[in-house]
Amino acid sequence: MTEPIFFRRSGGMTVGEIAALADATLSDPALAERRITNVAPLDRAGPRDLTFFENLTYAEGLKSTHAGACLISERFASDAPPGLLLLIAKEPYRGFVAAVRKLYPDAMRPSSLFEADGITPGASIHPKARLEDDVTVEPGALIGPRAEIGAGSVIGAGAVIGAEVRIGRDCSIGAHCSIMHTLIGDRVILHPGCRIGQDGFGYLMSPRGHQKVPQVGRVIIQNDVEIGAGTAIDRGAIRDTVIGEGTKIDNLVQIGHNVSIGRHCVIVSHVALAGSVTLEDFVAIGGCTTINNHVTVGEGSQIAGFSAVNVDIPPGGRFGGIPARPARQWLREIAALERLVRRDGKKNKAEGESGRS
């Protein structure tokens, strides 16, 4: 990241200011006025860059870094080369993130790709739509009748906002998103290509053919949610699909109809939640995991990536595997299987040698 041309930097910070922000102690307080203007990984950092170290995998990079300052834990401080200015913190990476947020404030929220303010030529806004002041609508965007959009929100190029949709204040709706039958709170970020509020997948199956079940619910997205590119969230069938406050959803996630997601959940890419799944607050789900319909995942639970969940998970549960089961049991089973394979391998080898003799 030697030339971050896509994001404007602030004027920089002194090392002393970074130490205060990160609750860190300087290895050399006399250098507290050293100015830092950028961030970089250990192997690419220069004299004006801040970096961090908290993983021994990058020990060689620490030894050779030319960074102006390095956030590091006390545990690893003795491994740093002489002359490297250290900011010793309990949580180096958390401090690093705090500094990056200050150095690159524009990176916190997507801005107008067209660098536009207000309504641009080429945007199509129905006369019955209502937009508060300071809304930006980029070329090619379409806003339907009776839609309402709050102040400070940006509607990206080619986005489609359906009739009656409500979008709160300071939201960012990425290019080519489509939103229908949805109510969105404040400070919500939808990255490009999201599909929100389309029909859920509901059919009454029969030997004579499959009859479509009307999907008459909505999608409710609460404040401070962020949803990655290409994610699809179906509206409810007879109740709402709900995404709780502060939840963060990665790219390419499928969320079926009637799903209820609690507050501050984290869902990694390629997760698929079938209809009527319930996630309570602070659930974390690893990538490529599937959860069967009507399953409830309890508050604070964690599910390993590449799992398949078809049973309820209690609060605080740690589950993984196919089918998913308590993590300790899953790991014991894997270890037992490995021992069995090794034992059988030795037995077959011995029998082979005996046969040749």
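Side chains included, hydrogens not; waters and symmetry mates left out as well; all remaining heavy atoms used.
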Any heavy-atom pair between the side chains of F319 and V309 that's under 4.5 Å? no
Are the side chain of T136 and the backbone N or O of V154 linked by a donor-acceptor pair below 3.5 Å? no
Under the criterion salt bridge (Lys or Arg N to Asp or Glu O under 4.0 Å), which of R325, R328, R339 is the partner of E333? R325
How far apart are the closest heavy atoms of A40 and A45, and which atoms are they? CB-CA, 3.7 Å
F76 vs F53 aromatic rings, parallel, tilted or perpendicular, using cut-offs 30° and 60°? perpendicular
Hey, are the side chains of I88 and I72 touching, using non-hydrogen atoms and a 4.5 Å cut-off? yes
So, does K248 use its side chain to make a donor-acceptor pair with the main chain of D224 at under 3.5 Å? yes
Do the side chains of H270 and L252 get nearer than 4.5 Å, heavy atoms only? yes
Whether the side chain of S172 engages the backbone of S111 through a donor-acceptor N/O pair (distance < 3.5 Å, no angle test) should be reported. no
Side-chain heavy atoms of I227 within contact of I221, under 4.5 Å: yes
Side-chain (R239) to main-chain (H257) donor-acceptor, under 3.5 angstrom: no
Are H191 and T231 close enough, and set up right, to give a side-chain contact (heavy atoms from CB on, under 4.5 Å), and what steps lead you there? CA-CA 9 Å; H191 288 279; T231 285; over 6 Å; no
Can you tell me if N55 uses its side chain to pair, donor with acceptor, with the backbone of T57 under 3.5 Å? yes
side-chain contact (heavy atoms from CB on, under 4.5 Å) between I184 and L190, intermediate numbers included: CA-CA 10 Å; I184 296 176; L190 303 185; 4.2 Å; yes
Which heavy atom of A22 sits nearest a heavy atom of G95, and at what distance? CB-CA, 3.6 Å
In terms of hydrophobic clustering (I, L, V, M, F, W, Y; side-chain heavy atoms under 4.5 Å; direct or indirect links), are F282 and I313 co-clustered? no
More than 12 heavy atoms of other residues, nucleotides or ligands under 6.0 Å from CG of D23: is that the case? no
Heavy-atom closest contact (V225 atom, G246 atom, distance): CG2-N, 4.0 Å
Would you say the side chain of I285 lies within less than 4.5 Å of the side chain of L279, judging by non-hydrogen atoms? yes
Which heavy atom in C265 sits nearest to a heavy atom in E280, and how many Å separate them? SG-O, 3.2 Å
Roughly how far, to the nearest 0.5 Å, is OG of S10 from CG of D106? 9.5 Å
Does the Q198 side chain pair with the main chain of I233, one donor and one acceptor, at a distance under 3.5 Å? yes
Determine yes or no for a side-chain-to-main-chain donor-acceptor pair under 3.5 angstrom, with S206 supplying the side chain and R208 the backbone. yes
ILVMFWY network linking L50 to L42, side-chain heavy atoms under 4.5 angstrom: no
Neighbour count >12 (heavy atoms, 6.0 Å) for atom CD, Q329: yes
Non-hydrogen side-chain atoms of D281 and E299 separated by less than 4.5 Å: yes
So, does T14 use its side chain to make a donor-acceptor pair with the main chain of R35 at under 3.5 Å? no
At what distance, to the nearest 0.5 angstrom, does CG of L131 lie from CD1 of I149? 4.5 Å
Cationic N near anionic O, under 4.0 Å, K102 to E17: no
Assigning hydrophobic clusters by single linkage (Ile, Leu, Val, Met, Phe, Trp, Tyr; side-chain heavy-atom cutoff under 4.5 Å), is F96 placed with F7? yes
Has the side chain of T241 got a donor or acceptor atom that lies under 3.5 Å from a matching backbone atom of G236? yes
How long is the gap from OG1 on T51 to CG on N38, to the nearest 0.5 Å? 11.0 Å
Quick one: does S153's side chain have a donor or acceptor within less than 3.5 Å of a partner on G168's backbone? yes
Hydrophobic cluster identity match, L84 and Y58, side-chain contacts under 4.5 Å: yes
Take atom CZ of R318 as the centre, draw a 6.0 Å sphere, and report whether it contains more than 12 heavy atoms from other residues, nucleotides or ligands. yes
Are D186 and R169 close enough for a salt bridge, meaning some N to O gap below 4.0 Å? no
Spacing of L21 atom CG and R94 atom CZ [to the nearest 0.5 Å]: 12.0 Å
Using side-chain heavy atoms (C-beta onward) and a distance below 4.5 Å, is I255 in contact with I243? yes
Heavy-atom side-chain proximity of R9 to Y104 below 4.5 angstrom: yes
Rounded to the nearest 0.5 angstrom, the SG-CD distance for C70 and E54 is 10.0 Å
Should V97 and M108 be counted in the same cluster of Ile, Leu, Val, Met, Phe, Trp and Tyr side chains packed under 4.5 Å apart? no
Go through the steps for T247 and Q222 under the test side-chain contact (heavy atoms from CB on, under 4.5 Å), then give the verdict. CA-CA 9 Å; T247 284; Q222 297 178 359; over 6 Å; no
Using a cut-off of 6.0 Å, state whether more than 12 heavy atoms not belonging to L31 lie near its atom CG. yes
When rounded to the nearest 0.5 Å, the distance separating CG of L142 from NE2 of H126 is 9.5 Å
Checking side-chain hydrogen bond (donor to acceptor under 3.5 Å, both in side chains) against H181, which of E164, Q215, R218, R235 comes through? R235
Return yes when atom NE2 of H66 has more than 12 non-hydrogen atoms of other residues, nucleotides or ligands closer than 6.0 Å, and no otherwise. no
Does the salt bridge (charged side-chain N to carboxylate O under 4.0 Å, His left out) test come out yes or no for R187 and D170, once each step is laid out? CA-CA 5 Å; R187 300 175 302 279; D170 297 314; 5.8 Å; no
On a heavy-atom basis, which atom in I267 and which in I261 lie closest, and how many Å separate them? CD1-CD1, 3.7 Å
Looking only at heavy atoms, the pair that brings I161 and A147 closest together is CG2-CB, 4.2 Å
Could you please spell out the steps behind the side chain to side chain donor-acceptor pair (under 3.5 Å) verdict for E138 and S112? CA-CA 7 Å; E138 293 190 328; S112 168; 2.5 Å; yes
